[in-house]
Student: 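Here it is, the structure, as structure tokens.
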Amino acid sequence: MIYLPPNVANRIKIHKYLQSLDFEQLGENPMCPKCERVALRDIGYSEDKIGQCPSCGYRGRMETTLNEYAKRQLYK
């Protein structure tokens with residue numbers, strides 16, 4: 001189970017698109033170190049943890065997954 005801060009949980013409740021997402025499946029996706037949003041795996045992810053963020057365009061090494069990010073409460 002992923003625990004989110006109350007302000008994020010409230011925003012998710014409002015958006016119908018976000019309600020349809022399965023956050024347990026997204027939990028293995030990397031987190032962008034630049035903008036702290038869920039990113040996508042890119043070529044080379046299995047060897048070098050390379051990902052690309054659709055929000056800010058950052059492409060590079062992404063060590064943390066969404067599950068780790070939420071578990072260690074790394075959000076600001």
Side-chain angles (χ1 to χ4, degrees):
M1 164 120 353
I2 298 173
Y3 294 102
L4 299 171
N7 62 338
V8 175
N10 289 334
R11 281 188 271 161
I12 289 171
K13 289 178 190 174
I14 295 170
H15 297 290
K16 294 195 184 308
Y17 172 73
L18 292 176
Q19 291 173 352
S20 66
L21 293 176
D22 182 7
F23 282 93
E24 296 302 322
Q25 268 187 323
L26 286 176
E28 296 306 315
N29 279 30
M31 290 296 293
C32 177
K34 188 173 179 185
C35 70
E36 296 186 347
R37 293 185 180 154
V38 178
L40 303 172
R41 296 174 184 182
D42 205 352
I43 296 171
Y45 184 78
S46 58
E47 295 89 25
D48 298 323
K49 302 287 187 197
I50 302 295
Q52 182 160 2
C53 180
S55 298
C56 70
Y58 173 81
R59 183 180 184 280
R61 200 161 169 80
M62 298 185 184
E63 301 279 337
T64 308
T65 64
L66 176 59
N67 283 339
E68 294 168 357
Y69 187 79
K71 185 180 283 185
R72 295 190 298 170
Q73 298 180 352
L74 297 174
Y75 43 84
K76 294 179 183 178

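The structure presented is a predicted model; accordingly, all values stated were derived computationally and were not measured.
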Student: Can you name the nearest heavy-atom pair linking R41 to P30, along with the distance?
Tutor: CG-CD, 3.9 Å
Student: Going by the rule side chain to side chain contact (heavy atoms under 4.5 Å, CB included), which residues pair with P54 if we only count those two or more places apart in sequence or in a different chain?
Tutor: L40
Student: Between A39 and C53, which heavy-atom pair has the shortest distance, and what is it?
Tutor: CB-CA, 3.9 Å
Student: Please list, chain by chain and in numerical order, all residues satisfying salt bridge (charged side-chain N to carboxylate O under 4.0 Å, His left out) with D42, sequence neighbours excluded.
Tutor: R59
Student: Just how far is it from atom CG of N67 to atom CG of N29, taken to the nearest 0.5 Å?
Tutor: 9.5 Å
Student: Is K71 positioned over the aromatic face of Y69, cation under 6.0 angstrom from the ring centre and no more than 45 degrees off axis?
Tutor: no
Student: Can you tell me how far apart CD (E28) and CD (E68) are? Round to the nearest 0.5 Å.
Tutor: 8.0 Å
Student: How long is the span from the SG atom in C35 to the CE atom in M31, to the nearest 0.5 Å?
Tutor: 8.0 Å
Student: Residues sharing M62's hydrophobic cluster, by side-chain heavy-atom contacts under 4.5 Å among ILVMFWY, directly or via others?
Tutor: Y58
Student: Determine whether S55 and C32 make a side-chain contact, defined as any pair of heavy atoms from C-beta on separated by less than 4.5 Å.
Tutor: no
Student: Specify the closest pair of heavy atoms between R61 and I50, including all atoms of both residues, with the distance to one decimal.
Tutor: N-CD1, 4.1 Å
Student: Step through the shown structure and confirm whether more than 12 heavy atoms of other residues, nucleotides or ligands are within 6.0 Å of CZ on R37.
Tutor: no
